[in-house]
Protein chains: 2
Amino acid sequence: MYAEFETYLRDNMQLSDDELRLIHSFAVEKKVRRKQVLLQEGEICRFKIFVCKGILRTYRTREDGTEHIVQFSPENLWVTEPESLHNHTPSRYYIDAVEDSELIFWTKSDFDTLFVQIPRLKYFTERLISRNVTLGRDRIFSAISATPEEKYDEFVQTYPSVFARVPLHMIASYLGLSLKTLSRVRHAQLKR
Amino acid sequence: MYAEFETYLRDNMQLSDDELRLIHSFAVEKKVRRKQVLLQEGEICRFKIFVCKGILRTYRTREDGTEHIVQFSPENLWVTEPESLHNHTPSRYYIDAVEDSELIFWTKSDFDTLFVQIPRLKYFTERLISRNVTLGRDRIFSAISATPEEKYDEFVQTYPSVFARVPLHMIASYLGLSLKTLSRVRHAQLKR
DNA sequence: TGAAAACAGCGTCAAATGTCCTCTTTTCCC
DNA sequence: GGGAAAAGAGGACATTTGACGCTGTTTTCA
C-alpha cells in the first residue's frame, strides 16, 4: 500500500532517498472497512492521514442527528481535522470511511519533525493548504449563490470519481439539498 | 493610522523595535472611500491589506450580475485574494470598501521578504490561516445545514460589529438568502 | 439644496423545496 | 443462502422561498 504514496511523493516533490526513508519511518499503514470511524466528535485528533485507496468523509451532525458532509477525500488526498489537531481541542467533526480504504497515518509531532528536517515537505504542505483555502471559498460561493441544479452539475464535473462511488444521499448531504430535490434535479436532466 | 496596526502587532507578537521598523518600512498607508474598488475581477492581486478602520468586503458575481459576498473584513483583519496573489492569476473576486476605510498595503514580494527576516511573523500568519480554514469550514457547514433563521442568528452573534454597520441586503447576500427571506426572519423574531 | 440613488418594508403570486409516506431493488453480513 | 438493512424513486401535501412590483424614507453627491 505504501507504493501508492511513494509514487505520489515522487510526482509532487523532489526528495532524496534519505528523506523518503525518513517519512516512511514514521508512517503507520492501516486498512479500514467501510463505515469505520476514524475520528469521533469530541475526540482530539492526533493524526494526519493520507488516503492511498478508498474514500473518507468528514461530516458534522446537528442536534437532530442529521449528518452534513463538509468534505470527501478520495485517493491521494490528505485528511485531518486541523482545528482539533493544532489546538488539541475536541473535534466537532467526524471522519469515517465511505469505502474500504487503505490509509497511512502520522502523528502530529512526527509530522512536525518531518517539517523541520524536510523543508520542501513544509513548503509543499503550504501549497496544499493554499489550494484548500481556494476550494473552500469556491464551495462557499457555490453554496450561497448556485441553484440546486448548478450545485449538482458542478459536483459531477469537479469530482467525477467521487460522484461515481458514493450514494446519492451523501451527495445531497454534501450539497445541502434534500435527497428529494437532488432526485428531482437528476430526473429533470434525463429529459434533456 | 499606523498606530492601530502597531498596537495590533504588539498585542499579537513579540517583535523587536528593529523588526517593527522593518515592517513599517514596506507599508503603504491609504485612505479609501466607501465603494472604492481595491481589486477587480480579472485583475491580478498584488497586495496584502491590513484594515485599520472601516470594513472591506470580498465578493463574486454571477453571470446575471448578482453579487455574492464571501467575506466581510472589519478592523484588525487581513485581506487579500490568496489564489490570485500566490499564482499570479486573474482574480475571480472583487474587493471593495463598505465604509470609508483606513488601510495598509504590502506587496507580495515585500511581505515574503518580511517572512524570511522575521520568522515569528511567518508563524503568526500560519496561525491566522489555520483559523481561517476553521472558520471557512464552519461557514460551509452552516450554509449547507442551517435554516435561514439560524444563519441570521449565527451571523449576528458572531459578527455583531459587522452586523451593526452593513446594509441588510449585504447580510442577505453573505448568508445566501433573498432580502425578502431575511426580512421575514427579522420580522418573525420581533414577535418573540 | 435638490435630484437621484440606495435602502428597506410589504403584499401577492408562483415556483421550489422539504417532509412523510410507500414501494422496490440492491447490498450487506451472519 | 436468506433475512435485514440500505438506497433510492415517486406521490401527496404543506411550507418556504423567491420574484416582482410598489411605497416611503434616508442618504448621497453634484
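Naming: A, B, ... by sequence-line order, numbering from 1 per chain. All figures in this text were calculated on a predicted structure; none of them were measured in a lab. Scope of the values below: all heavy atoms of this structure, side chains included, with no hydrogens, waters or symmetry mates.
Nearest nucleotide to the B:P148 side chain, out of D:dG8, D:dT17, D:dT28: D:dT17. In this structure, the nucleotide among D:dG8, D:dC29, C:dA6 sitting nearest to the side chain of B:K35 is C:dA6. Checking D:dG8, D:dC29, D:dA9 against every side-chain atom of A:S183, the shortest atom distance belongs to D:dA9.
Both B:F155 and B:V185 belong to a single network of hydrophobic side chains, linked directly or stepwise wherever heavy atoms of I, L, V, M, F, W or Y lie under 4.5 Å apart.
A perpendicular orientation is assigned to the rings of A:Y174 and A:Y159, their planes being inclined by more than 60° (bins at 30° and 60°).
Between B:E149 atom CD and D:dT15 atom P there is a gap of 17 Å when expressed in whole angstrom units. Rounded to whole Å, atom P of D:dA7 lies 14 Å from atom CG of A:L182. Atoms CD (B:E150) and C1' (D:dT16) sit 14 Å apart, rounded to a whole Å. The nearest whole Å value for the distance from the CG atom in A:L168 to the P atom in D:dA7 is 10 Å. Atom pair B:R184:CZ and D:dA19:P shows a separation of 11 Å (rounding to whole Å applied). If you take CG of A:L179 and P of D:dG10, they are 11 Å apart, rounded to a whole angstrom. B:E99 has its CD atom 13 Å from the P atom of C:dC7, to the nearest Å. Distance A:H169 NE2 to C:dT19 C1': 17 Å, rounded to the nearest Å.
Of the two residues near DNA chain D, B:G176 and A:V166, the one whose nearest nucleotide lies more 5' is A:V166.
Annotation: B:Y2, atom OH; neighbour count of heavy atoms from other residues, nucleotides and ligands within 6.0 Å is above 12. Summarising the local packing, NZ of B:K122 is surrounded by more than 12 heavy atoms from other residues, nucleotides or ligands at distances under 6.0 Å.
When side chains are defined from C-beta on, B:T80 counts as touching B:K48, because their heavy atoms get closer than 4.5 Å.
Between B:H187 and C:dG9 there is no side-chain polar atom (N or O) within less than 4.0 angstrom of OP1 or OP2.
You'll find a donor-acceptor pair under 3.5 Å spanning the side chain of B:K180 and the base of C:dG11, going by distance alone.
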